[in-house]
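These notes are about the structure you will find just below.
As the structure is a computational prediction, the values presented were derived from the model and not from experiment. Note on naming: letters A, B, ... go to the chains in the order of the sequence lines (proteins, then strands), and numbering restarts at 1 for each one.
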There are 2 protein chains.
Amino acid sequence: MTLPPLSRYLPVLQWGRTYNRTQLTGDLSAAVIVTVMLIPQSLAYALLAGMPPETGIYASIAPIVLYAIFGTSRALAVGPVAVVSLMTAAAIGNTVEAGTAGYVAAALTLALLSGVMLLALGLFRLGFLANFLSHPVIAGFITASGILIAASQLRHILGIQGEGHTLIEIGAGLIAHITEINWITLVLGAAAIAFLFWVRRGLKPLLLKTGMGPRIADILAKAGPVLAIVATTLAVWGLELNTRGVAIVGEIPQSLPPLTMPSLSPALVSQLLVPALLISIIGFVESISVAQTLAAKKRQRIDPDQELIGLGAANIGAAFTGGFPVTGGFSRSVVNYDAGAETPAAGAYTAVALAIAALYLTPLIEYLPKATLAATIIVAVLSLVDFSVVKRAWAFSHADFAAVIATIVLTLLAGVEYGVTAGVITSILVHLYKTSRPHMAVVGRVPGTEHFRNVLRHSVETQPHVLSLRIDESLYFPNARFLEDQLSSYAAEKPELTDVVLMFPAVNEIDLSALESLEAINTKLNHAGVRLHLSEVKGPVMDRLKRSHFLEELSGEVFLSQHEAVCKLDKQQN
Amino acid sequence: MTLPPLSRYLPVLQWGRTYNRTQLTGDLSAAVIVTVMLIPQSLAYALLAGMPPETGIYASIAPIVLYAIFGTSRALAVGPVAVVSLMTAAAIGNTVEAGTAGYVAAALTLALLSGVMLLALGLFRLGFLANFLSHPVIAGFITASGILIAASQLRHILGIQGEGHTLIEIGAGLIAHITEINWITLVLGAAAIAFLFWVRRGLKPLLLKTGMGPRIADILAKAGPVLAIVATTLAVWGLELNTRGVAIVGEIPQSLPPLTMPSLSPALVSQLLVPALLISIIGFVESISVAQTLAAKKRQRIDPDQELIGLGAANIGAAFTGGFPVTGGFSRSVVNYDAGAETPAAGAYTAVALAIAALYLTPLIEYLPKATLAATIIVAVLSLVDFSVVKRAWAFSHADFAAVIATIVLTLLAGVEYGVTAGVITSILVHLYKTSRPHMAVVGRVPGTEHFRNVLRHSVETQPHVLSLRIDESLYFPNARFLEDQLSSYAAEKPELTDVVLMFPAVNEIDLSALESLEAINTKLNHAGVRLHLSEVKGPVMDRLKRSHFLEELSGEVFLSQHEAVCKLDKQQN
C-alpha cells in the first residue's frame with residue numbers, strides 16, 4: 001500500500017474527490033427508496049430489541065453517515081438488523097428489565113462497547129478472527145436465530161404477554177397467556193403476515209405482468225411493508241381499535257436524534273463485555289458477507305480491517321445519538337445497491353431523509369399496531385431460515401455436522417450467545433481431536449513413475465526392508481505421542497526392517513513436543529538396528545529442524561524426494 | 001487384543017500366574033529400601049499438602065496395593081508426590097481453612113473425585129486427552145511448581161507464619177513475619193538442607209571410593225533424608241528445642257489407615273471438580289512419563305488407558321483410607337526399580353512395611369522438626385527446576401516459547417491451576433493462529449526430475465501460463481477465506497494466466513467452509529477465463545470431495561501428480 005495513511009483510514013477522501021453528477025443522481029434516487037423501506041424496518045427492529053420505536057430510526061441516522069466516511073463498501077447500508085437486535089435484547093434483558101430507562105441506557109453502553117471493540121479489532125488488524133466462525137456455524141446460527149426471532153414476535157401477533165430468550169421460555173410464556181388472546185390483534189397481525197408473504201411471492205410477478213421493468217418491480221415489492229403499515233394504521237385509527245386492546249406504537253417524540261452519553265458504570269460494563277464481543281463479531285461477519293457479495297458484482301474491493309473501523313465508528317455514533325447496536329444489513333443494502341447507489345454518499349442522503357422523518361412524520365405512526373411490526377419481522381426473518389446446511393454438512397463431514405447441530409440446538413434452547421460460542425468451540429474441539437489422531441499411510445512407488453501412493457489404495461511397488469510412511473498431518477503436541485506409538489507397532493510387525501523413511505510432504509509444521517518424539521523414535525529405532533530417514537521435508541519444517549540437534553543425531557539421511565530415498569536405500573541393500 | 005476381558009482389566013492375573021522365587025527376592029529387597037525412603041517423603045508431602053503427617057503414610061498404603069492390582073507398570077510406586085500435593089493444598093486451601101477437620105475431609109473428597117475421573121477416562125479410553133499437555137507446558141509447569149513448592153517451605157525453615165498459593169502471596173507472607181524468625185529452627189533447617197545437598201552430590205562419590213558397588217551406593221545416598229531425620233529428631237528431643245519454639249511434628253496416632261468416608265456434599269463437590277480434573281491430568285501425565293521411561297528399559301509395554309484405571313483405583317483407595325490425591329512418583333519409582341523390583345508385588349510388600357511403621361514407629365518421630373521435612377521437600381523439588389526448556393523453546397519455535405512462558409508466569413503469579421490451563425490454551429490458540437494463515441508456495445519442477453519445489457528456495461522450471469500453488473496446510477474454517485484472498489491476488493498479478501493448479505499433497509483435511517471457498521474460487525477464476533485444477537489430492541480428501549458437487553463443477557481436472565498436470569497443460573498450450 002502506498003496510500004497516505006489519512007486516506008487509508010478515511011476512504012471518503014478517495015471517492016469524494018471524483019464525485020460527479022451521475023453518481024449524485026444514482027445516490028439520491030437510492031436514498032429515497034431506501035428511506036421508504038427503512039422506516040418500518042427500523043421501527044420493527046427497535047421493537048425486537050425491546051427499545052422504544054423512535055430509537056430504531058435514530059440508530060439508522062448517525063451510523064449511516066459515519067459508515068459513509070469510514071467504510072469501504074459503496075453499497076452497504078448500516079443500521080439495526082434482525083439478528084443483532086435479537087442479541088441486544090438477550091444481552092440487556094439478562095441485566096435490566098425491559099421497558100425501563102435503565103434498559104435504554106444499557107443499549108447505549110452496549111453499542112459503545114461494541115463500537116470500541118470493532119474499532120480496536122480494525123486498528124490492530126484482527127479481522128481474521130471472524131474466520132473462526134465457520135460457514136456452517138454462521139448458517140446454523142442465522143437459521144436458528146430466525147426461528148427464535150419469529151417465535152419471539154408471536155406474542156405481538158396474538159396480543160398477549162410472554163417474553164423469553166430461548167424457545168422453551170418463549171413457548172412457556174405463550175402457553176401461560178394463551179387464554180388472553182386479543183382476537184382483533186390476531187386478525188390484524190395474521191392479515192399483515194398473509195399480505196407480506198403475498199407481496200414477496202406474488203406482487204413482483206404481478207407488476208412484471210403489467211409491463212413494469214424488473215428492477216422497479218423488485219423495489220416496489222420490497223416497499224410492501226409500507227402498504228401494510230399504512231393500511232393497518234388507518235384501520236386502528238379509524239375504528240379506534242386501540243380502545244379494544246390492540247397494542248399500538250403510541251406517541252413518539254418529534255425530534256432529531258438526541259445527544260446521549262452512554263453509562264460507563266463498571267458493573268454494567270463488565271456484564272455487557274461478553275455480549276458486546278459476540279455482537280461485534282456476529283455483526284461484522286454479517287456485514288462483511290453482504291459487503292463482499294455486493295463488491296464482487298462491481299469488482300470493487302472490501303478491506304476487512306477498514307470495515308471493522310467503519311462499523312466501529314457507526315456503533316460509537318449510535319451510542320451517542322440514542323441508538324443501539326447496528327451493523328450492515330442484508331435487505332437494506334441490497335435495496336440500496338439495486339436502487340442505484342453509486343457511493344457511500346447515498347447513505348448520507350438516506351440519513352438526511354430519515355432525520356426529516358424523525359422530526360415531522362412520527363405523529364403519523366402513533367396508531368401503528370405493534371402486530372404489524374411483528375408481522376414485518378416474522379416475514380423478514382423466516383426467509384433466513386434454511387436447514388439445507390444441516391443436510392449438506394451431514395453429507396460432507398461429521399465434524400461440520402456436529403458444529404452446525406451444536407449451534408442450532410444451543411441457540412434455540414439456551415439462547416443466541418451460547419449458540420455461537422458452542423458452534424465455535426465444537427468446531428475447534430473437533431479439529432483438535434482429528435489432528436490428534438493423524439492419518440498415516442504406508443506408501444509405495446506407482447510403477448513407472450517417481451510418484452508414491454498409499455499401498456492400500458493403489459497398486460504400487462514396495463521393498464521388504466524399507467518402510468515408507470507418509471505422515472498426513474502437521475506434527476504437534478496433540479499427536480506427538482500417537483506418532484511414537486504407531487511407529488513402534490509398525491516396526492514391531494516387520495523384523496526384516498533396516499530402514500524407515502518418514503515422508504514429510506504433508507507435515508506443515510513441527511513443534512517442540514513433536515521434535516522430542518522424533519528424537520525418541522530415532523533413538524528407539526537405532527537401538528533396534530533400524531535407521532530413520534526423512535524425505536520431502538518442506539522448507540519451513542527443515543528450517544525448524546535445523547534449529548535443533550535432531551539432524552546431527554538422525555541415524556539416517558534427509559532426502560529431497562522419496563524417489564531418491566528409495567533408489568539409494570535399494571542400492572545400499574544390494 | 002485377544003485377552004479375556006478380566007485379565008485385561010486386572011493385569012495382576014497375568015504376572016501373578018508365573019510369580020517365582022527370584023522375583024520374590026527382588027521384590028522383597030526393593031520393598032525394604034523403598035519403605036525406608038518413603039517414610040520421610042510421605043511425611044513431608046503431607047506437610048506440603050497441608051495435611052496431618054500420618055496421612056502421608058496412609059496415602060502410600062492402600063493406593064500402592066490397588067495400583068499393584070490394576071496398573072500395568074512393574075516398577076511404578078504410587079503415593080503422595082510433590083506437584084500433586086501442592087495442587088491439593090491450592091485446591092483445598094481456596095475452599096476450607098488449613099488445619100481444620102473440614103480440610104482433611106475435603107482432601108478425601110478431592111481424592112475420590114480425582115479417582116473417579118481417572119477411572120472414567122480409562123474406561124472410556126480417553127487417555128489421549130493428556131496429549132494436549134505439550135512437552136514444553138509440562139516442563140514449564142514442573143519447573144514453576146518446583147520454585148513455588150520450595151518458596152512455600154521457606155517459612156518452615158525460618159520458623160515463621162506466611163502461607164500462600166502464589167509467589168507474591170508467599171513473598172508477602174514471609175516479609176510480614178520476617179521479624180519473628182526462630183533462629184534455632186533456621187539453624188536446624190539450614191543444616192538439614194546443606195546436609196541433604198551434600199548427600200546428593202558428595203555422598204555417592206565418597207561411598208564409591210570406599211569400594212562400594214555403584215548400585216548400593218546410589219540407594220544409600222537416596223536414603224540420606226533418613227539420616228537427617230534421625231539426627232535432627234535426636235537433637236530436638238535431647239536439647240528440648242521444642243520448648244524454645246522449634247515446631248515439631250508432634251504426637252501421631254499409632255494406627256493402621258482408618259476407614260474414611262469422603263463427603264459428597266454438592267457445594268464441596270462443585271468447588272473441587274475443576275481442581276480434581278487438573279490434578280487427575282497432571283498426575284496421570286507425571287505417572288505415565290515415569291512408567292514409560294522405566295518400561296522402555298526392560299522393553300515392557302505400558303497401556304495408558306489401563307494406567308488411568310490403576311491410578312483411579314489408587315486414588316479411590318486413598319479417599320477411603322484417610323489419604324489424599326496420589327500418583328506415580330518419579331524418585332520413589334526409580335528407587336524401586338534400581339533396588340530390583342521385579343513385579344508390582346514389591347509395592348504390596350512396601351505397603352505391609354508402611355502399615356507396620358504406621359502402627360509401631362510413629363512415636364519415634366514425635367520430636368521430628370518440621371524444618372527437616374521442609375528441607376527434604378526443598379532439596380527434592382529444586383532438582384525439578386530446569387529452565388533449559390525455556391531456552392530450547394526459544395531457539396526452536398516462538399509458539400512453544402509462548403506456551404512455556406505463559407505456563408511458568410501464570411503458575412508462579414496466579415497459582416498452579418491457572419498455570420496449566422494457560423499453557424494448554426496458549427498452545428491451542430497459537431496453533432489455531434498459525435493454521436489460520438497457512439504457508440503457500442508457488443512451485444516449479446526441479447530440472448531433470450518429476451519433483452516440484454518452492455520457486456523461492458530452489459532453482460526450478462516454471463511456465464508463464466500455469467500457476468502451480470502448493471497449499472501447506474489442511475483447509476478448514478480458520479483459513480478458508482485466507483486462501484480465497486491469496487488466490488485472488490496471485491491471479492491478479494498474472495494476466496497471462498490460463499491455468500491454476502492447486503497442489504494438495506499437504507492438505508490433510510478439508511471441511512465445509514473450505515469447500516465453499518474452493519467453489520467460490522472455481523467460479524471466480526472461471527469468470528476470469530482461468531481453469532482451476534487440483535493435483536496430488538490424498539485419498540481421504542478425495543473421498544470427502546466426492547461427497548459434494550465440487551468435482552463436477554470444477555473447471556479443470558484432478559491430476560494424480562503435479563508432474564502429470566504440468567505435462568498435460570504444457571501440451572494443451574503448445
Between [X] and chain B, which part of the residue has a heavy atom less than 4.5 Å away: side chain, backbone, both or neither?
X        : value
A/Phe132 : both
A/Ala393 : both
A/Leu456 : neither
A/Ser436 : side chain
A/Asp485 : neither
A/His458 : side chain

Heavy-atom pairs under 4.5 Å with chain A, option from [options] with the top count:
options                                : value
B/Gly539, B/Pro505, B/Ser548           : B/Gly539
B/Arg457, B/Arg470, B/Arg481           : B/Arg457
B/Lys434, B/Lys538, B/Arg437, B/Glu473 : B/Lys538
B/Ser517, B/Ser561, B/Ala514, B/Ser513 : B/Ser513
B/Ala399, B/Ala480, B/Ser427           : B/Ser427
B/Arg453, B/His563, B/Glu564           : B/Arg453

Please flag which part of [X] lies under 4.5 Å from any non-hydrogen atom of chain A: side chain, backbone, both or neither.
X        : result
B/Glu536 : both
B/Leu129 : neither
B/Leu515 : side chain
B/His431 : side chain
B/Lys546 : neither
B/Asn479 : neither
B/Phe396 : both

### Task
Examine distances only and state if a side-chain atom of B/Asn508 and a backbone atom of A/Asp472 form a donor-acceptor pair shorter than 3.5 Å.
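Answer holds: yes.
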### Query
Any donor-acceptor pair under 3.5 Å linking the side chain of A/His451 with the backbone of B/Leu560?
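Between the backbone of B/Leu560 and the side chain of A/His451 there is a qualifying donor-acceptor contact (under 3.5 Å).
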### Task
Sort out for me which of A/Phe401, A/Phe477, A/Phe482 touches chain B most, counting heavy-atom pairs under 4.5 Å.
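Most heavy-atom pairs under 4.5 Å with chain B: A/Phe477.
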### Query
What option among A/Pro304, A/Pro136, A/Pro438 has the most heavy-atom pairs under 4.5 Å with chain B?
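Most heavy-atom pairs under 4.5 Å with chain B: A/Pro136.
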### Query
Taking C-beta and beyond as the side chain, do B/Leu512 and A/His135 meet within less than 4.5 Å on heavy atoms?
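No; the side chains remain at least 4.5 Å from each other.
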### Query
How many angstroms lie between CD1 in A/Ile428 and CD1 in B/Ile428, if you round to the nearest 0.5 Å?
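It is 8.5 Å, given to the nearest 0.5 Å.
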### Query
Does atom NE2 of B/His549 have more than 12 heavy-atom neighbours, drawn from other residues, nucleotides or ligands, at distances under 6.0 Å?
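No - once you tally the heavy atoms of other residues, nucleotides and ligands closer than 6.0 Å, there are 12 at most.
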### Query
Salt bridge or not for A/Arg445 and B/Glu450, using N-O below 4.0 Å?
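The answer is no: the pair does not qualify as a salt bridge.
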#### Entry: Salt bridge present between A/Arg544 and B/Asp400 (N-O < 4.0 angstrom)
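Result for this pair is no, no salt bridge flagged.
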